[in-house]
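To find a chain, count down the sequence lines: A is the first, B the second, and so on, and within it residues start at 1.
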Amino acid sequence: MKKVRPMLHVFRNKPKYATVRTNKASQDTAEINSSHSGQTGDPQWTRCDNCSSLIYNKELYKNHFVCHHCGFYFRMSALERLQLLVDENTFQPAEPLVSVNPLDFPGYPDKIAQCQNLTQLDDAILIGEAKIEGYSCVLGIIDFGFIGGSMGSVVGEQITRGFEYGIAKQLPVVVVSGGGGGARMQEGIFSLMQMAKTAQAVGRFKQAGLFYLSVLTHPTMGGIYASFASLGDIILAEPKALIGFAGPRIVAETTRQKIPPDFQTAEYALRHGMIDGIVIRSEMKATIGKLLSLHL
Amino acid sequence: MKKVRPMLHVFRNKPKYATVRTNKASQDTAEINSSHSGQTGDPQWTRCDNCSSLIYNKELYKNHFVCHHCGFYFRMSALERLQLLVDENTFQPAEPLVSVNPLDFPGYPDKIAQCQNLTQLDDAILIGEAKIEGYSCVLGIIDFGFIGGSMGSVVGEQITRGFEYGIAKQLPVVVVSGGGGGARMQEGIFSLMQMAKTAQAVGRFKQAGLFYLSVLTHPTMGGIYASFASLGDIILAEPKALIGFAGPRIVAETTRQKIPPDFQTAEYALRHGMIDGIVIRSEMKATIGKLLSLHL
Amino acid sequence: MPTIFEWEKPLVELEEKIQELRNFVYEQGIDFKDELNDLERKADKLRKEIYERLTPWQRVRMARHPDRPTTLDYIKLIFDDFFELHGDRRFGDDQAVVGGIAVLDGEPVTVIGPQKGRDTKENIVRNFGLPHPEGYRKALRLMQQAERFRRPIITLIDVVGAYPGIEAEQRGQGLVIAECIEQMSFLEVPIICIITGEGGSGGALAIGVGDRILMLEHAWYSVISPEMCATILWKDVNKAADAAELLRLTSTDLLKFGIIDDVVTEPIGGAHRDHEGTGRQIKAFLRRHLSEIRKVPTDELVRFRLERFRKIGEYQTKKLSETQVEL
Amino acid sequence: MPTIFEWEKPLVELEEKIQELRNFVYEQGIDFKDELNDLERKADKLRKEIYERLTPWQRVRMARHPDRPTTLDYIKLIFDDFFELHGDRRFGDDQAVVGGIAVLDGEPVTVIGPQKGRDTKENIVRNFGLPHPEGYRKALRLMQQAERFRRPIITLIDVVGAYPGIEAEQRGQGLVIAECIEQMSFLEVPIICIITGEGGSGGALAIGVGDRILMLEHAWYSVISPEMCATILWKDVNKAADAAELLRLTSTDLLKFGIIDDVVTEPIGGAHRDHEGTGRQIKAFLRRHLSEIRKVPTDELVRFRLERFRKIGEYQTKKLSETQVEL
Ligand SMILES: [Zn+2]
Ligand SMILES: [Zn+2]
């Protein structure tokens with residue numbers, strides 16, 4: 001067993017040590033290494049997962065990663081999402097943490113290294129302090145490209161520290177979730193326990209009277225949905241995002257019933273009372289800003 | 001407007017000034033004036049509302065007002081229910097209150113007088129301190145025979161005082177409800193406001209950490225169900241008791257749908273998660289006693 | 001085709017006559033100033049007479065006028081901004097109840113109210129403004145959220161009653177009303193309830209427990225609808241007007257009884273004839289009452305709220321001599 | 001026809017032989033005492049060898065043995081009295097979760113746990129012990145009730161997982177698990193969770209946040225079932241045994257990791273071979289742990305509970321030199 005940091009270490013308070021390109025800049029450098037869906041191999045072009053149109057990346061950036069042919073929402077990497085949401089040069093990332101291999105699960109370290117390469121992230125989360133429409137907040141973004149956006153010890157710890165930092169600095173927290181299965185199998189029971197740890201972090205944050213906005217993107221499932229992601233004071237979702245606990249295939253196999261056509265979509269969740277609203281991608285930043293302004 | 005007592009007047013603390021016949025005694029005087037259902041005019045006999053059998057009242061008393069031919073539960077008067085539930089000579093009724101006619105509703109005073117005659121009660125509630133299986137509690141019983149067991153100012157005030165007395169004396173409260181429509185139309189808005197008053201009394205009682213057991217008998221509907229009766233820490237019901245908000249006829253007229261066969265019965269409420277359990281009449285006293293013993 | 005009540009007809013005719021005369025004067029260029037002024041004065045007098053003499057039943061019908069503003073209309077009229085929030089996080093999103101965060105004079109408040117439709121299509125979506133349990137659970141969730149963020153709560157009440165349907169009963173309509181009433185009573189934020197149209201029984205009270213309870217002039221609030229009361233009393237729904245008389249359900253009665261705190265006067269002719277004017281009126285009343293109760297410390301607020309309801313009830317203590325009846 | 005695992009077979013055969021010999025001795029009246037003692041000793045040795053060597057997968061199968069006591073069996077075995085309470089007061093009464101007030105050494109406690117069926121008919125009623133959201137809401141309601149009355153909470157956990165069904169998803173399976181976890185964390189009463197059989201992922205954790213977390217010797221607790229893990233890793237459900245090995249899901253592993261506080265040893269051969277003995281063991285462990293945490297002041301209890309989970313996680317802080325990558 002590796003010795004781990006036992007207690008509430010909040011975000012570093014040092015000045016920012018990393019900068020993130022803004023929307024404007026990224027339009028000129030569309031070949032940013034990225035893990036959004038539809039990659040073609042050519043850094044200039046992306047293929048629509050839905051209508052198969054080839055889209056010039058500059059266009060895709062301009063259109064917030066929405067296909068202008070068919071309206072399909074591309075899955076965005078955490079870095080792309082960050083650019084979409086935060087005010088220019090305002091993001092200060094948290095102290096970086098990396099996974100260990102607590103179960104000595106075969107192949108796990110390689111997988112981590114691979115994903116770090118692909119996503120340019122230490123783990124499946126990008127988190128830090130940021131400004132959105134001028135309002136300061138803690139912003140966390142789950143990256144699906146990193147082992148399906150699953151929550152191991154690093155994601156759990158970073159989310160928890162994010163809420164603790166929010167309490168310490170009296171800041172609202174915004175988390176953009178998008179994890180496939182939720183749990184990180186390779187960390188076994190440690191992964192499961194992050195559900196408790198993060199849910200408790202949300203609980204303490206709420207007791208401090210602060211505002212937590214949860215934004216669900218495609219897909220938010222399993223242990224991520226069943227912990228911090230569904231505990232927002234307000235929960236928003238992107239259109240058609242898959243939201244649920246059990247995966248649709250497991251549901252189909254278990255129940256052998258006909259699955260409703262929009263099962264587990266954001267629209268389904270809204271109809272069944274589970275989320276507060278659906279917000280289109282181009283309006284997400286303004287909407288988050290507005291909600292932050294209503295909770296000063 | 002008549003001037004009314006404005007504040008928290010709890011139960012009188014004087015020694016008991018009324019006695020109630022016990023089960024044992026009543027078997028010898030089966031012709032007690034009563035408002036249980038199935039009255040024939042002959043004080044010795046009752047006709048079963050369900051199977052039409054004529055039943056000798058002594059038998060009926062012995063069998064807790066359950067038809068021994070078909071198992072039908074007779075509606076019991078508050079006095080009969082009292083005899084069923086409380087330990088011999090332990091009931092001390094609360095200070096008696098009587099209705100006024102705040103809206104000058106035509107015919108209301110006559111109706112009150114009639115019901116007082118019929119039920120031997122001042123209004124649709126019998127309430128006081130009692131022992132059940134040796135455990136002290138505040139016990140309130142709604143009498144359906146008094147304008148359908150509806151809640152006017154007197155019922156609302158007595159229920160409220162009951163909970164306040166419970167707080168003052170640190171006693172649990174047991175209320176046996178059974179009101180047809182809940183609201184007493186003749187008292188208009190004053191009747192409606194008793195829902196708020198009693199629900200708040202329950203709220204204050206719960207904040208004091210005390211135990212409230214709600215027992216639902218046939219029928220518990222409308223404003224009584226939608227206030228104190230559904231707020232019990234534990235809610236029990238008699239078999240087949242009608243439980244709901246809107247009357248079944250109104251539901252049928254409004255929805256024009258097929259009404260499920262056991263709609264709004266205790267069994268239906270249990271299945272749909274609204275009550276904790278169904279207890280047969282002969283075991284009600286023992287069950288209440290047990291629950292009181294678990295909340296000392 | 002706008003709804004015109006029979007008592008509005010002489011007024012509407014006179015108004016039409018004045019308009020005709022005005023057109024005539026304009027076309028011909030002749031001086032009819034005095035005659036027009038006379039007519040206007042006559043119309044004013046008639047208006048006043050008609051609306052001062054309205055029977056309770058006529059006021060019930062005013063409250064139900066199809067052109068009367070709905071909750072979302074009022075929200076637009078009164079507040080600077082509104083962010084609607086959805087769902088009970090349990091079962092569904094009841095469109096018969098709307099709620100969200102609104103801004104009043106720069107301050108966020110939580111606004112909640114049942115929502116009727118304007119036409120058949122809308123009414124189907126809104127279930128004619130009759131809430132299911134999940135509508136009340138949404139209301140309760142938003143109220144608890146408001147408490148967490150110390151936002152005042154404004155409820156706008158216009159509801160015939162909680163929906164009397166099979167599924168509504170199945171999912172605990174009575175129980176949820178009781179829970180709403182109980183929990184609303186203890187919320188540690190200022191609550192203002194405004195009965196804007198119909199205040200139908202438990203379905204209205206469920207979101208009607210506040211520190212100030214206001215009522216629009218031509219709204220009604222009762223333990224039972226006049227129709228149902230007439231059906232019970234005389235087995236004749238057509239006698240609803242008589243029942244409305246008995247039930248004392250007008251704002252005038254309820255102010256006298258001390259059940260409500262203030263009557264928001266409507267523009268002459270009623271809210272349906274002047275949406276903007278009605279909105280301005282409500283806003284003015286809301287501001288005044290809110291600024292008053294904002295000054296009350298939180299714990300006292302809840303204590304006053306409880307005392308307010310604790311006092312309601314009309315009864316007599318029985319003389320002791322009368323109680324010596326052996327039970 | 002009782003289920004006999006392949007590794008139990010030599011033992012069962014030997015036990016049968018001993019029984020036969022004993023019958024023979026009894027019938028014939030001859031003295032085979034020494035031989036019998038030898039055989040018993042041999043059986044004891046065999047038992048110990050078998051059960052010390054069990055693989056993780058064998059222990060998973062022990063946890064699923066059809067004769068293993070269910071939650072209601074344990075309640076009967078451990079407590080003096082039990083009053084079952086029903087319903088979530090929202091939607092339904094999920095029979096896959098049982099709960100109520102039980103008495104332990106004269107003191108009331110609240111006991112809650114998923115309930116499997118013993119046969120097909122029972123399993124249909126109990127949905128194979130797979131809870132719907134209303135099951136978790138019932139659990140939460142009873143836990144909040146326990147807090148009001150300062151009753152300790154005991155959860156008995158034996159659940160493959162939350163039910164992955166259409167209606168369960170529709171009514172917020174994920175959301176209710178999150179709510180259970182969050183709210184259980186802050187309850188101001190002692191909570192003891194005992195994993196008695198299967199501890200399947202979020203469906204187990206939803207009622208698994210406590211001050212003491214105990215585990216029966218042959219129970220398992222994991223983020224994912226071995227079968228599903230095998231399917232994901234190797235697309236082959238038959239490799240579940242290998243997955244069970246990787247997941248470190250036994251009581252031995254979890255005690256070492258500090259996830260659980262204590263292992264309740266089972267009678268040799270496992271709980272299914274001796275219900276009473278298992279009940280006595282659990283009761284003894286329960287008493288000891290409960291008496292310890294009853295002494296902790298309430299506010300500290302919650303603080304300790306939060307700190308316990310706050311500490312869980314295995315990671316490293318990245319060296320700063322490595323972080324100077326331009327994002
Ligand atoms: Zn496309
Ligand atoms: Zn019969």
Side-chain angles (χ1 to χ4, degrees), chain A residues 133 135 166-167 170-173 199 202-216 225-226 228-237 239 243-245 260 262 265-279 283-284 286-296, chain C residues 75 79-112 125-127 131-153 167-168 171-172 176 187-189 298:
Chain A
E133 302 278 12
Y135 298 100
I167 296 171
Q170 296 285 295
L171 287 177
V173 172
V202 175
R204 281 181 290 140
F205 181 78
K206 284 185 179 172
Q207 288 185 344
L210 296 161
F211 175 55
Y212 167 32
L213 172 62
S214 176
V215 179
L216 313 182
Y225 182 58
F228 63 88
S230 62
L231 294 173
D233 291 302
I234 292 178
I235 304 178
L236 301 177
I243 298 165
F245 182 60
D262 67 347
T265 61
E267 292 71 17
Y268 185 86
L270 182 66
R271 214 164 60 238
H272 291 294
M274 300 303 155
I275 61 175
D276 285 291
I278 294 174
V279 177
E283 288 176 9
M284 189 58 89
T287 304
I288 294 174
K290 184 179 191 170
L291 286 172
L292 292 176
S293 81
L294 290 172
H295 291 87
L296 294 179
Chain C
I75 289 175
F79 301 101
D80 298 327
D81 204 349
F82 180 60
F83 192 92
E84 190 174 350
L85 300 169
H86 293 273
D88 67 345
R89 306 265 165 105
R90 297 282 177 273
F91 183 85
D93 180 46
D94 189 349
Q95 308 249 39
V97 175
V98 296
I101 309 172
V103 177
L104 180 72
D105 300 325
E107 296 281 339
V109 296
T110 286
V111 183
I112 295 161
V125 172
R126 302 290 183 186
N127 197 34
H132 276 76
E134 41 278 17
Y136 291 110
R137 293 213 168 92
K138 168 162 71 177
L140 191 54
R141 178 174 82 82
L142 295 183
M143 290 195 276
Q144 287 163 339
Q145 188 185 82
E147 186 185 37
R148 266 184 35 63
F149 295 109
R150 311 255 145 233
R151 280 196 294 266
I153 296 166
E167 294 217 335
R171 295 198 292 271
V176 75
L187 291 176
E188 297 187 339
V189 282
T298 314

With A208(A), which residues qualify under side chain to side chain contact (heavy atoms under 4.5 Å, CB included), at least two apart? I167(A), L210(A)
So which of K206(A), Q207(A), K290(A), R271(A) has the largest heavy-atom pair count under 4.5 angstrom toward chain C? K206(A)
Bottom line for E84(C): the part with an atom under 4.5 Å from chain A's heavy atoms is backbone
Chain A contact via R151(C) - side chain, backbone, both or neither, heavy atoms under 4.5 Å: side chain
What residues form a side-chain hydrogen bond (donor to acceptor under 3.5 Å, both in side chains) with R89(C), not counting sequence neighbours? D276(A)
Residues in side chain to side chain contact (heavy atoms under 4.5 Å, CB included) contact with A237(A), at least two apart in sequence or another chain: L216(A), I243(A), A266(A), I275(A)
What residues of residues 139-148 of chain C make heavy-atom contacts with chain A at a cutoff under 4.5 angstrom? R141(C), Q145(C), R148(C)
Non-hydrogen atoms of chain A under 4.5 Å away: do they reach the side chain of D94(C), the backbone, both or neither? neither
Ring-ring centroid check F91(C) H272(A), cutoff 6.0 Å: no
As an exercise, state the distance from OG of S293(A) to CG of D81(C), rounded to the nearest 0.5 Å. 7.5 Å
State, yes or no, whether a side-chain contact exists between D233(A) and F149(C) at a heavy-atom distance under 4.5 Å. yes
Mind checking the CD1-CZ spacing from I234(A) to F83(C)? Nearest 0.5 Å is all I need. 6.5 Å
